[in-house]
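All chains are named by letter (A, B, ...) in the order of the sequence lines, taking the proteins before the strands, and each is independently numbered beginning at 1.
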Amino acid sequence: MAKGTTSGQLNSSVADLGKILVNLFHPTFELDSIVERVILLIRIPRALTAMICGAGLAACGCALQGVFANPLIGPQIIGVYSGAAFGGALGILISENSFLTLSFSFLFGLVAMILVFVVARVQGYTSRLTLVLAGIVSSSFFLALVSMVKFVADPDDKLPAITYWLMGSFATASYAKIQFVGPLILVALLALIILGYRIDVLNLGDDHAKSLGLKVERNRWSVLGLVTVICAGVVSVAGVVGWVGLVVPHIARNFSKSNHFSLLIVSAFIGAYYMMIIDYLCRGLSSMEIPLGVITALIGAPFFAYLLRRRLGS
Amino acid sequence: MHEGNLLTVSNLTVQRGKKRLIENLDFELPQGSCLGVVGPNGVGKSSLLRVLAGLDDPASGSVVVSGTVAYLPQDVNLKSDLNVLEMVLLGRARYLKWYQQPNSIDRTEAKKWLEMVSLEHLATASFMTLSGGQKQLVLIAQALTSDCDLLILDEPSSALDLQNQEKLFAILSELQDVNSLTVVFSTHDPNQAYHHCEQLMMLGFGQQQHGQCKAIMNVSSLKEIYKVNFEEVEWKSNNLKYFIHVPTTRFNI
């Protein structure tokens with residue numbers, strides 16, 4: 001984290017970070033005010049946002065892979081990403097206010113999940129298959145709306161902003177945004193970890209879980225609700241960040257016990273660290289900041305292919 | 001030790017899709033007893049067991065269980081990364097609130113049942129590395145950890161070798177005697193039902209017969225539902241009756 005907050009276009013040392021943190025509580029050291037302001041007002045909130053989002057997305061992926069008993073599932077599958085993406089794009093189109101973008105993104109993430117709920121639930125029951133299909137329906141619907149927003153957006157002004165936002169970035173991270181989304185993501189993450197035991201039971205399949213006395217529908221929708229809150233929160237502050245939720249749980253499996261309580265905790269920690277590194281690469285690989293979604297896919301896709309082959313080999 | 005009826009089935013109709021499989025079924029099963037369900041493929045054995053377990057709704061009629069039910073599906077080839085003890089611990093799901101994790105009492109309970117099926121030495125082994133028979137026993141331990149009163153098993157012996165079949169039925173008999181566990185299972189082996197069950201449900205296409213096992217199972221009733229030849233043999237050393245399937249086709253070997 002220290003490396004992440006001190007490296008970038010404006011380089012400083014880890015010692016500077018230490019001094020800045022000491023100064024927060026007791027002004028002791030003389031520091032370059034630009035360095036101090038960059039680290040305190042840009043880098044630290046950015047690193048915190050990356051960590052919160054990384055932890056949240058990794059835990060979401062882990063929980064969904066458990067609930068669906070499918071290691072190839074990531075948070076995109078349930079359609080929340082596309083809903084939140086549409087909300088964000090719409091927010092940028094109609095206003096300059098970044099908080100409106102954030103609120104719209106979060107709101108439409110929830111709307112997408114409600115759409116999945118309405119489509120997938122038939123006679124009080126939802127099967128895993130219909131859930132995935134409803135996720136695809138919801139995703140396609142909102143992606144079409146995103147295209148529509150892009151189509152009507154001003155190509156000189158709004159369209160580049162929307163396109164860049166959709167590719168994901170922590171560049172606009174701030175304490176105010178963390179205050180808005182951070183607690184929501186962290187509370188949902190904690191609740192998800194607590195539900196780890198129930199995710200283990202759901203992993204056995206609907207009939208088996210039901211025969212062990214678990215209320216399958218209630219528990220599954222609870223997990224999906226928490227995943228929705230986290231995903232919508234992440235997309236609203238960072239745009240669309242793919243692959244993290246799919247890849248990190250697979251890495252975590254090498255360091256954790258196999259029950260989901262442990263796996264979710266380890267995934268969250270690795271996800272936080274992973275996202276910090278990704279953000280560091282986004283800022284540091286070239287003089288221009290590379291969009292987050294590009295780096296997560298460039299690293300995530302080959303890494304996932306490697307994991308897949310290793311799993312098949314064993 | 002029979003202490004009243006644990007399972008009461010009244011006027012039950014079971015269907016798969018739109019096809020009616022079982023109609024107007026009535027029976028009662030006392031606590032601590034065992035019901036065997038026999039019949040050819042596709043006759044509705046699994047559908048009946050799923051309805052009894054509360055996994056599917058009946059087309060009409062009612063199933064009343066005065067206690068908790070655990071159900072073991074036919075295919076136990078489920079994929080899970082959990083170890084054996086963690087797997088058995090999932091049986092406590094019924095008793096844990098949403099925010100609770102299994103505690104030491106739950107672990108003690110799980111270990112107790114794991115010992116009962118003689119698999120305590122595999123507690124830390126991965127569930128996926130077990131043989132089919134061991135998996136079956138682990139899932140039985142899981143069902144028992146849920147403190148069930150009625151255990152429903154769909155063809156429990158289909159994946160087991162003869163030694164494991166013997167072990168499974170010895171464990172079930174002990175649980176019936178010691179813990180008053182009520183058991184319902186389906187099987188393709190009439191002898192298994194004959195020797196382990198008090199009650200028997202014989203299902204054929206368009207016919208169903210329920211009663212005391214020793215009273216209703218005989219060569220002609222078996223012929224009736226399976227449409228193949230059976231013969232009856234009395235084994236002198238233990239005075240038990242066995243039914244042997246005698247194929248009509250002769251194989252020249």
Side-chain angles (χ1 to χ4, degrees), chain A residues 62 65-72 123-125 127 187 190-223 225-226 249-250 252-267 311 314, chain B residues 46 49-50 52-57 65 67-103 106 124-129 135 138-139 142-154:
Chain A
C62 179
Q65 287 172 12
V67 167
F68 285 93
N70 186 339
L72 301 176
Q123 293 174 345
Y125 175 73
S127 77
V187 168
L190 190 69
L192 213 50
I193 291 170
I194 290 171
L195 285 177
Y197 173 77
R198 284 164 184 260
I199 295 174
D200 282 334
V201 184
L202 286 171
N203 185 257
L204 299 173
D206 291 4
D207 284 350
H208 199 145
K210 201 173 166 188
S211 84
L212 292 175
L214 194 79
K215 292 188 169 56
V216 172
E217 279 289 297
R218 187 191 293 177
N219 281 283
R220 185 160 48 207
W221 283 108
S222 302
V223 173
L226 294 168
H250 288 276
R253 285 195 178 91
N254 296 318
F255 302 100
S256 163
K257 285 185 184 174
S258 40
N259 65 68
H260 278 87
F261 182 75
S262 311
L263 204 52
L264 281 163
I265 295 173
V266 176
S267 291
R311 198 182 174 92
S314 65
Chain B
S46 296
L49 295 193
R50 287 178 60 85
L52 295 183
L55 296 174
D56 292 336
D57 293 328
V65 184
T68 53
V69 190
Y71 168 80
L72 235 72
Q74 198 169 348
D75 176 25
V76 294
N77 199 18
L78 67 96
K79 292 184 170 59
S80 171
D81 293 329
L82 296 181
N83 72 31
V84 169
L85 183 62
E86 285 171 336
M87 196 64 169
V88 177
L89 266 173
L90 298 186
R92 300 301 292 168
R94 201 190 298 276
Y95 304 99
L96 297 177
K97 294 199 167 61
W98 73 269
Y99 53 84
Q100 288 178 317
Q101 306 298 318
N103 59 19
D106 298 314
T124 55
S126 165
F127 178 76
M128 287 299 285
T129 61
K135 281 181 184 167
V138 167
L139 293 180
Q142 185 191 63
L144 297 170
T145 306
S146 77
D147 249 348
C148 63
D149 302 295
L150 172 63
L151 180 59
I152 297 177
L153 308 104
D154 195 355

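Residue contact with chain A, scored on non-hydrogen atoms closer than 4.5 Å, involves the backbone and the side chain of B:L96 alike. Heavy-atom distances place no part of A:R218 under 4.5 Å from chain B, backbone and side chain included. Residue contact with chain B, scored on non-hydrogen atoms closer than 4.5 Å, involves the side chain of A:K257 exclusively. In this structure, the portions of A:Y197 lying under 4.5 Å from any heavy atom of chain B include both its backbone and its side chain. Of the atoms belonging to B:D56, not a single heavy atom falls under 4.5 Å from chain A. Looking at B:A93, the atoms closer than 4.5 Å to chain A (heavy atoms on both sides) sit in the backbone and in the side chain alike. Neither the backbone nor the side chain of A:H260 comes within contact range of chain B; no heavy atom of the residue lies under 4.5 Å from a heavy atom of that chain.
Of the residues considered (A:G205, A:G196, A:S258), A:S258 shows the highest number of contacts with chain B, using heavy-atom pairs under 4.5 Å. Top candidate by heavy-atom pairs under 4.5 Å with chain A, chosen from B:L90, B:L82, B:D81, B:L55, is B:L90. The candidate from B:R94, B:K79, B:M87 with the greatest count of non-hydrogen atom pairs under 4.5 Å with chain A is B:R94. Of the listed residues A:L214, A:L204, A:N203, the one with more heavy-atom pairs under 4.5 angstrom with chain B than any other is A:L204.
For B:D154, there are no salt bridge (charged side-chain N to carboxylate O under 4.0 Å, His left out) partners, not counting sequence neighbours. Residues forming a salt bridge (charged side-chain N to carboxylate O under 4.0 Å, His left out) with B:D149 (at least two apart in sequence, or on another chain): none.
Under a 4.0 Å N-O distance rule, the pair B:R50/A:D207 qualifies as a salt bridge.
For B:T68 (side chain) and B:D147 (main-chain N/O), a donor-acceptor pair under 3.5 Å exists by modelled atom type. Under the 3.5 Å distance criterion, the side-chain polar atoms of A:N219 are matched with a main-chain donor or acceptor of A:K215.
Under the side chain to side chain donor-acceptor pair (under 3.5 Å) test applied with B:D106, the options B:Q100, B:R92, B:Q101 reduce to a single match, B:R92.
Of all heavy-atom pairs between B:W98 and A:R198, the closest is CA-NE, 3.4 Å. When all heavy atoms are compared, the tightest approach of B:L78 to B:M128 is O-SD, 3.7 Å.
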